[in-house]
Amino acid sequence: MPEKKEKAKKQLLLRLSSVLWEDLAQWAEDDFRSINGQIEYLLTECVKKRKKNQRSSEKQQDSSVSEDA
């Protein structure tokens, strides 16, 4: 059943400037993706990076707390 949740997609309305749209369209074309696919890819990568950075900062905080003790 978890596979169904992963495949389920949410829809949202997104307003972008025409300049940003054109830049994304070109980037998507360069990467052989649709604009929607490109936006989803970029958001996924940003969320992964944020989670990784959060784990790193938590580890740093844990090690500094251990050093203080």
Side-chain angles (χ1 to χ4, degrees):
M1 277 199 212
E3 291 179 30
K4 277 190 176 182
K5 282 188 176 182
E6 289 178 18
K7 291 183 180 182
K9 300 277 184 167
K10 299 288 185 179
Q11 294 181 355
L12 76 127
L13 176 63
L14 178 63
R15 290 182 174 85
L16 303 172
S17 70
S18 58
V19 172
L20 180 56
W21 176 265
E22 290 299 324
D23 288 342
L24 285 169
Q26 184 59 55
W27 194 359
E29 187 177 320
D30 292 346
D31 290 352
F32 303 104
R33 291 188 182 101
S34 66
I35 294 174
N36 188 73
Q38 189 72 6
I39 292 169
E40 186 173 5
Y41 169 78
L42 293 170
L43 288 172
T44 300
E45 291 302 305
C46 287
V47 169
K48 285 179 189 177
K49 185 176 180 180
R50 182 173 188 268
K51 286 179 179 180
K52 182 180 176 182
N53 288 341
Q54 283 179 334
R55 285 192 299 265
S56 294
S57 76
E58 286 173 2
K59 285 180 184 178
Q60 288 175 352
Q61 287 175 355
D62 289 346
S63 66
S64 67
V65 169
S66 298
E67 291 171 4
D68 293 341

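Numbers here simply count residues along the sequence, with the first being 1.
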Could you tell me which non-hydrogen atom of Ala28 sits nearest to which non-hydrogen atom of Ser34, and how far apart they are? CB-O, 3.6 Å
Gap separating the CH2 atom of Trp21 from the CD1 atom of Ile39, nearest 0.5 angstrom: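 If we round to the nearest 0.5 Å, Trp21:CH2 and Ile39:CD1 are 6.0 Å apart.
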Gap separating the NZ atom of Lys51 from the CG atom of Asn53, nearest 0.5 angstrom: 13.0 Å
Which one of Asn36, Val19, Leu42 satisfies the side-chain contact (heavy atoms from CB on, under 4.5 Å) criterion with Leu24? Leu42
Same cluster (ILVMFWY, side-chain, under 4.5 Å), Leu12 and Tyr41: yes
Listed once per pair and sorted, the salt bridge (Lys or Arg N to Asp or Glu O under 4.0 Å) pairs that draw on residues 52-61, sequence neighbours left out: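 Residue pairs with at least one partner in residues 52-61: there are none.
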Return each pair, listed once, that meets salt bridge (Lys or Arg N to Asp or Glu O under 4.0 Å) where at least one residue sits in residues 34-48; pairs must be two or more places apart or across chains.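 For residues 34-48: Lys9-Glu40, Glu45-Lys48.
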